[in-house]
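What follows is a single structure, written as structure tokens, with notes after it.
Per chain, numbering begins at 1; letters A, B, ... match sequence-line order. Quick note: numbers below take in every heavy atom, side chains included, and nothing from hydrogens, waters or symmetry partners.
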There are 2 protein chains.
Amino acid sequence: MTDTRRGRPTMRDVAAAAGVALKTVSRVVNGEPGVNPATAERVREAIRRLGYRRNDSARLLRAGRTASIGLVIGDVSDRFYSGLSRAVEAVARSHGHLLFTGISEEDPALERDIVTAFCARRVDGLVIVPAGTDHGHLRPELEAGVAVAFADRPPGSGLEADTVLSDNAGGAAQGVAHLIRHGHRRIAFLGDSPAIFTARERLRGYRDALAAAGLPYDEALVSLGRPDPHRLRAALAAMAALPYPPTALFTANGLITTHVLRALAARPGPDRPALVGFDDLELADLLVPGVTVVAQDPAGLGRTAAELLFRRLAGDRGPAQRVLLPTRLIVRGSGEIPPPARAA
Amino acid sequence: MTDTRRGRPTMRDVAAAAGVALKTVSRVVNGEPGVNPATAERVREAIRRLGYRRNDSARLLRAGRTASIGLVIGDVSDRFYSGLSRAVEAVARSHGHLLFTGISEEDPALERDIVTAFCARRVDGLVIVPAGTDHGHLRPELEAGVAVAFADRPPGSGLEADTVLSDNAGGAAQGVAHLIRHGHRRIAFLGDSPAIFTARERLRGYRDALAAAGLPYDEALVSLGRPDPHRLRAALAAMAALPYPPTALFTANGLITTHVLRALAARPGPDRPALVGFDDLELADLLVPGVTVVAQDPAGLGRTAAELLFRRLAGDRGPAQRVLLPTRLIVRGSGEIPPPARAA
DNA sequence: CTGAAAGCGCTAACAT
DNA sequence: ATGTTAGCGCTTTCAG
């Protein structure tokens, strides 16, 4: 009732109320030594009466940093991104930083807007899962001292920055080799658009595994493009109509795996192809057969990227690091279906 | 090379470089009228040369707001929360606000810490999915003008604030009624701890549906507690050992549904109970049978809460609103299994 | 059209 | 032990 002054009480108000100087209030608020206990109590009393809370934005402006970092991802509602986010948030918290989250919808222009907005707020650092391929606009920020770490995909345009990736090629190779080990010789690859780094890497792993087993690379067994149900159904139908259809499928990301599983369920046949997917799925163990996958570690990507970031913020000036996180093959049944006798 | 002055260039630097006053730079940067085009060009040139970017944190300190809001959720890596987050982010963006995300891990103390940290930064508003039951600490913030909206669960301790909820009781009643309609008379309820608002509400819906059908409420068929696999398996076993075991299950949240599905899969019997779950699951359509669920709309909760928040920020001083969002029954098979003949 | 001065809320540096 | 001054980077008066 007394304080209908627009807005919240400031240190100045507290000082006036307690009959001391501004700086004394500051000392009490920050627990600095050199304040007479009685005075301190008077100040605390005033703080309580006025409901004073320190304004950290103002404090940090003075300090020249913001104790906040920005995270840019494609879509929180995706399992992969949300696992990554959670880890970044945890690391940020443990370092006393707040986290801004921005969603790029995998749109390079939007990603750039978000990054710009974060930098305008002077975030101390950025963790980016890049949608764009040109990150030249970040160079001035880097030079100005903003720490940047990339996760899941490397930055474009030769920017030097810490980067944490899954072993996409190795994981895909592992998955394909698993199918080969189970007797398959005609293995289809259903992947995302080759414009996407991880998609290219996984395709590379597929080719590596084929080559290592002395199997030919057959373009008719490879379909790349947006993870669209129609496109995938058409691709599967085309492959099924081949003289020697594939006996196994490698689906190169989680969304593709689910769409393909739906397509297979919609057209149940006697010779169900084996399937190994990249990315783990919730309930994958409850499907029949269970879905064998190459799982990556989204939380590990986020945690590692954030930790690299804070190492930079702590003063590390070493050369940019590139960390590769291993993947893990989870055997559940779908990848162990043998090829039909006549096709083996 | 020229500018090794610690930190980034400021308006003052630009002014010096362009040979104008600070205020003129401010005018150019903010597109204010009343600057001679030639002068403006000189300023722009200096901005380019120095790589100047306005510091929004400083600008906003002056403006007395932060153009940011805080979101407090239990766990981004949960489907429900991530859908909600995504919606809140979108609304924040559309209003030119940045979003801080804080993860409470459903821990009231942590929630409070996060809220306090957000308020110390002077966020303009908060969207909270409350874990705590006491939100008295928010009263001063509300009085200071911070807008607050609650989502999914109401605030504790009689705080008056906009709240958006799912129709938990109605949805649960709908799911249970569906089972009753399919001939079930002994329906188990497997729910979360009654300490949780949504768990209580869903239990209420269960009882309502039973009452509406003239069926008795049998405590032996109700199990409440943490969504722990062991606890749930034990509960299911105890119910199966009853003289008249349940012929259908209502699982009151997504996690419980998945644990129960796993338990049922591990012990396949002839008389598989029907099942309806609260919360939709990814791949629920691909299980056999498909999982019938009562789906809520996490994005709707987030969007609505954020919109209410921005309405407040736009000046709405009306009484606190409470919005109830409908749920939707999705029929997929598990909820339509009839009771065994002898039990009907 | 342009600029000087004051101040947002706070802290660091220096008095007293 | 306490207070004064200056200033973080910007915008809002108000004067020229």
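Comparing atom distances between the A:N36 side chain and each of C:dG3, C:dA12, D:dT2 picks out D:dT2 as nearest. Among the nucleotides C:dA12, D:dC10, C:dT2, the one closest to any side-chain atom of B:L22 is D:dC10. Comparing C:dC10, D:dT11, C:dT2 by their nearest atom to the side chain of B:S26 picks out D:dT11. Each of C:dT2, C:dT11, C:dG7 was ranked by its minimum atom distance to the side chain of A:R62; first place goes to C:dT11. Nearest to the side chain of B:A21, among C:dC10, C:dA4, D:dC10, sits C:dA4.
For C:dG9, neither phosphate oxygen OP1 nor OP2 lies less than 4.0 angstrom from any side-chain nitrogen or oxygen of A:R8. For the OP1/OP2 pair of C:dT11 and a distance below 4.0 Å, the side-chain nitrogens and oxygens of A:R54 include at least one atom meeting the criterion. Between B:T39 and C:dT2 there is a side-chain N or O to OP1 or OP2 distance below 4.0 Å. Note on A:T24: every side-chain N or O is 4.0 Å or more away from OP1 and OP2 of D:dT2. The phosphate of C:dC8 (OP1 or OP2) has a side-chain N or O of A:R12 nearer than 4.0 angstrom.
Taking atom CZ on A:R59 and atom P on C:dA12, their separation rounds to 9 Å, with Å as the unit. Taking atom CZ of A:R121 as the reference point, atom C1' of D:dC10 lies 14 Å away to the nearest angstrom. The distance between atom CZ of A:R65 and atom P of C:dA12, rounded to the nearest whole Å, is 11 Å. One can place CG of A:L60 at 13 Å from P of D:dG9, the figure rounded to the nearest angstrom. The distance between atom CG of B:L61 and atom C1' of D:dC8, rounded to the nearest whole Å, is 9 Å. With rounding to whole Å, B:I47 atom CD1 is found 16 Å from D:dG9 atom P. Across the protein-nucleic acid pair, A:R27 atom CZ and C:dC10 atom P stand 16 Å apart, rounded to whole Å. Remark: P of D:dA1 and CD of A:E32 are 13 Å apart, rounded to the nearest angstrom.
Ion pairing of A:E45 with A:R42 is absent here, as no side-chain N (NZ or NE/NH1/NH2) approaches a carboxylate O to less than 4.0 Å. Ion pairing between B:R311 and B:E307 fails under the 4.0 Å rule for side-chain N and carboxylate O. Checked for salt-bridge contact, B:E89 and B:R86 miss the test: no charged N lies under 4.0 Å from a carboxylate O. Between B:E143 and A:R53, none of the side-chain N atoms (NZ, or NE/NH1/NH2) sits under 4.0 Å from a carboxylate O, so this pair counts as no salt bridge.
Contacts of B:G64 with the nucleic acid, taken as non-hydrogen atoms under 4.0 Å apart, are absent. Looking at heavy-atom distances under 4.0 Å, B:N30 makes contact with sugar-phosphate atoms alone, never a base.
Heavy-atom nearest nucleotides on DNA chain C were determined for B:K23 and for B:R122, and the one closer to the 5' end corresponds to B:K23. The residue among B:V20 and B:A63 whose nearest nucleotide of DNA chain C is located toward the 5' end is B:V20.
Inspection of the A:H135 and A:E141 side chains reveals no N or O donor paired with an N or O acceptor under 3.5 Å. Side chains of A:T101 and B:T101: a donor-acceptor N/O pair is present below 3.5 angstrom, by distance only.
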